[in-house]
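Following: one structure in structure tokens, then a few remarks.
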Protein chains: 2
Amino acid sequence: MDIDALRTFLAFVDTGSFTRAAQQVCRTQSAVSMQMKKLESDVANPLFVKQGRQLVLSNAGIQLASYAKQLIALHDEAYKQLKTSAGQVRIRLGCPDDYALSILPKITELLHQLIEQLDLQITCASTTELKNQLDQGLLDLIIATRSPSSEEGYFLHASSGVWVKSKEFSYHRDMTLPIAIFMRDCKFHQAAIEGLLKTERQFKVIGCCSSLSALDALVKNHLAIGAIAEISKAESLIIIDDPSLPALPAVDIVLLLANHTHNPISQTMVKQLAEQFVNQDKLVKPPA
Amino acid sequence: MDIDALRTFLAFVDTGSFTRAAQQVCRTQSAVSMQMKKLESDVANPLFVKQGRQLVLSNAGIQLASYAKQLIALHDEAYKQLKTSAGQVRIRLGCPDDYALSILPKITELLHQLIEQLDLQITCASTTELKNQLDQGLLDLIIATRSPSSEEGYFLHASSGVWVKSKEFSYHRDMTLPIAIFMRDCKFHQAAIEGLLKTERQFKVIGCCSSLSALDALVKNHLAIGAIAEISKAESLIIIDDPSLPALPAVDIVLLLANHTHNPISQTMVKQLAEQFVNQDKLVKPPA
DNA sequence: ACATTACATCAATTAAACTGATGTATTATA
DNA sequence: TATAATACATCAGTTTAATTGATGTAATGT
């Protein structure tokens with residue numbers, strides 16, 4: 001199937017007529033007629049059915065219309081991108097929402113230092129989702145969490161899980177805990193729930209949040225205490241120092257590179273990037 | 001950009017050589033060379049850089065590789081679909097997971113009665129997600145919930161929210177309630193949480209489930225009581241009749257049709273389908 | 001009945017793609 | 001260091017495909 005013919009086909013879908021489609025794609029009516037005939041023979045199915053002297057889409061035609069729209073959209077996106085990115089290195093970076101404020105800015109800065117003419121595309125999603133997209137080749141590089149025991153990726157930062165509250169929230173040990181946690185695919189979700197169930201302590205889940213900003217909003221408005229990584233803590237929030245609360249796991253934050261053969265950024269560069277990050281990180285927060 | 005040229009391009013990405021790419025696409029080396037030259041002039045960017053007597057992908061080339069893979073994959077999927085579906089009507093039906101057991105079978109049966117040579121593609125996801133896909137033209141028809149006050153879609157069934165438990169689960173009024181609920185985008189999630197907070201009753205959220213089967217599993221294993229639509233209730237479960245539990249809202253289950261101009265199924269057919277469903281539904285469960 | 005609209009078809013033309021031979025630069029070999 | 005081999009580029013000729021403009025056919029409107 002030819003991109004050009006599909007575009008003509010969509011012009012017909014749009015106008016309902018070969019004659020008007022021809023105008024739209026700047027060809028003659030007979031050219032359109034022949035293009036569509038070829039398309040029909042390509043897919044070995046009639047795409048149109050006669051209705052009086054008009055043509056309307058057949059069932060196969062309706063199916064093709066949906067596909068053609070997606071194909072042309074993807075084609076045009078690719079084309080536009082390629083034409084406008086002369087000499088640029090495009091890197092598609094994924095970052096979990098909860099590290100967007102803390103980790104992302106430095107990574108962005110280091111990437112720009114490392115690569116001239118950088119065209120950085122940033123996607124926020126959960127670590128699970130980001131890993132999927134990395135595997136599918138839709139991302140080149142992601143910031144992700146791993147268990148400290150694991151060896152995958154390039155180490156950036158270690159952060160322990162903490163319980164946080166707003167200054168105004170009056171916390172005492174025997175209250176029913178209103179808690180705000182991330183969705184199930186977050187390491188802290190399970191640890192918090194399971195930990196609390198073991199303590200026999202009363203609690204209410206105020207919200208299962210899919211983003212740090214949502215969770216932050218609940219905590220900042222004194223509706224709940226939150227279970228997050230220490231590095232994700234907003235300045236205005238306070239870590240709750242209560243050993244009777246279940247411990248939350250420590251996580252490593254790492255850089256994960258897609259294993260495409262052709263990657264805009266190499267293993268060596270990512271390694272270098274991670275090392276630079278760790279060095280700067282030490283200067284800011286000297287190890288205890 | 002030509003599909004054929006992109007395929008050749010991917011053959012180069014694969015093999016790293018024009019000569020071998022030529023073999024892969026059954027052309028001569030010079031044909032490949034010229035195709036790639038045209039592709040480069042199309043995107044007005046060099047796709048390759050010399051490395052000795054070899055060529056390797058440029059930055060633009062790396063970008064195109066990712067796009068080309070997606071484009072060819074989509075093209076081939078469309079092509080395959082079109083070729084194999086001679087005379088078939090393909091309908092992409094979306095169904096929320098929690099109505100898959102109750103509503104979906106009848107709808108499927110009625111669709112097959114209504115349409116000969118039906119090629120039915122069924123997707124399960126949350127109502128919100130399904131509506132998105134419907135708007136994007138990725139689905140033709142979905143089963144969805146609406147508030148009973150709303151008028152959207154074609155009515156299928158009214159169901160009230162109920163609290164359910166397993167037979168073995170010993171429920172009494174002053175226990176701390178272990179509850180299993182759907183994710184936030186479900187109408188029962190908010191109603192359950194907010195309702196319980198108002199009652200001042202102690203509860204623990206055992207799980208925020210994204211599917212009925214997950215929620216069912218928790219309830220059937222006596223780990224929690226669940227908040228679901230009555231129609232989603234498995235036979236082995238029991239409705240908890242306790243007025244002190246917060247009331248869960250009633251929902252209408254409806255059929256929603258995409259408003260593409262070219263839809264494989266028409267408004268009239270969907271209307272007819274919904275009416276047939278309602279009639280059969282009455283016979284099975286006469287109104288109180 | 002006659003004009004009009006809409007698509008199909010045909011032959012001629014135009015444009016594009018492919019081949020096979022040859023050229024140029026690089027790398028391996030002896 | 002000559003020589004062979006490898007890899008891509010280029011060119012001219014050929015083949016293939018697409019487009020045009022004119023004409024044909026069928027349905028619809030006046």
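Please read these numbers as outputs of a predicted model, since none were measured by experiment. Per chain, numbering begins at 1; letters A, B, ... match sequence-line order.
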Check your understanding: Nearest-Å distance, CG (D4(B)) to C1' (dC18(C))?
Key -> 12 Å
Point to revise | side chain to side chain donor-acceptor pair (under 3.5 Å) partner of S66(A), chosen from H262(B), H260(B), R92(B) | key: R92(B)
Check your understanding: Are any of the side-chain nitrogens in K131(B) or D135(B) under 4.0 Å away from the carboxylate oxygens of its partner?
Key -> no
Review point. Rounded to whole angstrom units, what separation is found between the CE atom of M36(B) and the C1' atom of dC18(C)?
Key: 14 Å
Practice item. Would you state whether a donor and an acceptor, one from the side chain of Q54(A) and one from the base of dA27(D), lie under 3.5 Å apart? Key: no
Review point. Of the candidate nucleotides dA9(D), dG20(C), dA17(C), which contains the atom at the shortest distance from the side chain of T28(B)?
Key: dG20(C)
**Study point:** Residue pair Q276(B) / L114(B): nearest heavy atoms and the distance that separates them
**Key:** NE2-CD1, 4.2 Å
Practice item. To the nearest Å, give me how far apart CZ (F18(B)) and P (dT24(C)) are. Key: 20 Å
Exercise for review: Please report, rounded to the nearest Å, how far the C1' atom of dC18(C) is from the NZ atom of K38(B).
Suggested key: 14 Å
Practice item. Examine dC8(D): is either OP1 or OP2 under 4.0 Å from a nitrogen or oxygen in the side chain of S17(B)? Give yes or no. Key: yes
Review point. Any side-chain N or O of S33(B) under 4.0 Å from OP1/OP2 of dA9(D)?
Key: yes
Check your understanding: Within 45° of the six-membered ring axis of F277(B) and under 6.0 Å from that ring's centre, is NZ or CZ of K106(B) located there?
Key -> yes
Exercise for review: Take the protein atom CZ of R27(A) and the nucleotide atom C1' of dA17(D), then report the distance between them rounded to whole Å.
Suggested key: 13 Å
Check your understanding: Does a side-chain N or O from R53(A) land closer than 4.0 Å to OP1 or OP2 of dA26(D), or not?
Key -> no
Exercise for review: Give a yes/no answer on whether the side chain of K37(A) brings an N or O atom under 4.0 Å of OP1 or OP2 in dC7(C).
Suggested key: no
Practice item. Please determine, for the side chain of R20(B), which listed nucleotide (dA9(D), dA7(D), dC7(C)) has the closest atom? Key: dA7(D)
Study note, to complete from the structure: By nearest-heavy-atom nucleotide on DNA chain D, the more 5' of K50(A) and V32(A) is V32(A)
**Study point:** Any donor-acceptor N/O pair under 3.5 Å between dG21(D) base and S30(A) side chain
**Key:** yes
Revision key, fill the gap. Rounded to whole Å, the CD1-P distance (I3(A) to dA17(D)) equals 19 Å
Point to revise | Under-4.0 Å side-chain N/O to phosphate OP1/OP2 contact, Q35(A) with dT19(D) | key: yes
Check your understanding: Once you round it to whole Å, what is the distance between C1' of dC7(C) and CZ of F48(A)?
Key -> 11 Å
Exercise for review: Check the distance between dC7(C)'s P and L47(A)'s CG and give it to me in whole angstrom.
Suggested key: 15 Å
**Study point:** Exercise: do Q29(A) and T19(A) side chains pair donor with acceptor under 3.5 Å
**Key:** no
Check your understanding: Mapping M34(A) and L55(A) onto DNA chain C by nearest heavy atom, which one lands closer to the 5' end?
Key -> L55(A)
